[in-house]
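The structure appears right after this line, and notes come after that.
Residue numbers begin at 1 in each chain, while the letters A, B, ... track the order of the sequences.
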Number of protein chains: 2
Amino acid sequence: MSEKGLEPISVLRAKGKRITPQRRLILQIVQEHKGHLDADGIHLWAKGRYPRLSLSTVYRTLDLLRELDLVKELGLATDRRHYEAKPREEHQHLVCLGCGKVIEF
Amino acid sequence: MSEKGLEPISVLRAKGKRITPQRRLILQIVQEHKGHLDADGIHLWAKGRYPRLSLSTVYRTLDLLRELDLVKELGLATDRRHYEAKPREEHQHLVCLGCGKVIEF
DNA sequence: GTCCGTGCAAAGGGTTTGCATTCCC
DNA sequence: GGGAATGCAAACCCTTTGCACGGAC
């Protein structure tokens, strides 16, 4: 298990969403750029590593990540939208002294 | 003269802009609605009193009013722009004790 | 009379959607 | 294999722009 809490990828899994290379990549790029990219910028960066990626997948993935509260929409400009990765929420661990099972909340 | 400072209409005149019924009307509607209208909403209200008014005139007038600092653009939504009238700036009067002429600044 | 401002329609640009194909589970 | 996710292109919608006419000064 992780020491730092639920990985964003695990959030996808927990919500029954499929984990695709496109989603991994877009999430990673948003995390790397700390909130200064718009959809087109994300698309450009992502295409460098995954040329088949389409812009509509970027938009759909950003919508999904926003629904799951992994990404936040910013109001930096009025004519386009910018996104930033949400910091992981604070949480605690419950550890069972008998079996060692850990629950995060 | 006014006790409250330069009228928005006078700002237009002072900047060499023409005072048209469309501009008067759009300015008035923005002032009446305290910042909760988008361009289309302004257009709808305005057409009630001036049916010939076009949406592009609304946009061009809002641009002008924003340039003249009479109106402010809000970030209420990411998919459209909202506008509000700017409150009149504070100012003082200089009164000539000889001829009575008043200058605002 | 000038030429700025307007109306109309078409273009622009970011975002969304329909549909066949791909591929994660 | 089944259904969610993707890619592509077209559709959408807000906003901007080109152009000829109209009206403020």
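The nearest whole Å value for the distance from the NE2 atom in A/H43 to the P atom in D/dT6 is 12 Å. Atom OH of B/Y59 and atom P of C/dA9 are 17 Å apart (whole Å). Per the geometry, NE2 belonging to B/H82 stands 14 Å off C1' belonging to D/dT15, to the nearest Å. Atom CG in B/L62 sits roughly 15 Å away from atom P in C/dG5 (whole-Å rounding). B/L55 has its CG atom 11 Å from the P atom of C/dC8, to the nearest Å. Distance OH (B/Y50) to P (C/dG5): 14 Å, rounded to an integer number of Å. Taking atom CG of residue B/L37 and atom P of nucleotide D/dC14, one finds them 15 Å apart after rounding to whole Å. Here the P atom of nucleotide D/dA4 and the CD atom of A/E67 are 14 Å apart, to the nearest Å.
No donor-acceptor pair under 3.5 Å is formed between the side chain of A/H33 and the backbone N or O of A/Q31. Proximity of a side-chain donor or acceptor of B/T57 to a complementary backbone N or O of B/L53 within less than 3.5 Å is not detected. Distance alone, capped at 3.5 Å, places no donor-acceptor pair between the A/R81 side chain and the A/G75 backbone. With hydrogens and angles ignored, the 3.5 Å screen pairs no side-chain donor or acceptor of B/R13 with any backbone N or O of B/I19.
With respect to the salt-bridge test (charged N to carboxylate O, under 4.0 angstrom), the residues B/D63 and B/R66 qualify.
Here the NE2-CG distance, from A/H43 to A/D38, works out to 12.0 Å after rounding to the nearest 0.5 Å. A/Q28 contributes atom CD, which lies 4.5 Å from atom CD of A/E32 (distance to the nearest 0.5 angstrom).
The side chain of B/S54 contributes no N or O atom lying less than 4.0 Å from OP1 or OP2 of C/dC8. Here A/R60 does not reach the OP1 or OP2 of D/dT6: none of its side-chain N or O atoms lies under 4.0 Å away. Regarding contacts with the backbone of C/dG7, a side-chain N or O of B/Q22 is found under 4.0 angstrom from either OP1 or OP2.
Within 4.0 Å of B/D79, counting heavy atoms only, lie sugar-phosphate atoms of the nucleic acid but no base atom. Across all strands, B/R81 comes closer than 4.0 Å only to sugar-phosphate atoms, never to a base (heavy-atom distances).
Among D/dT6, C/dT15, C/dC8, the nucleotide with an atom closest to any side-chain atom of A/A39 is C/dT15.
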Quick one, give me the B/S/- string for nucleotides 20-25 of chain D, reading 5' to 3', where B means a protein heavy atom under 4.0 Å from the base and S means that only happens at the primed atoms, P, OP1 or OP2.
---BBS
Atom pairs under 3.5 Å: protein N/O with N/O of nucleotides 9-13 of chain D:
none

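For the residue pair A/T78 and B/E73, a side-chain donor N or O sits within less than 3.5 Å of a side-chain acceptor on the partner.
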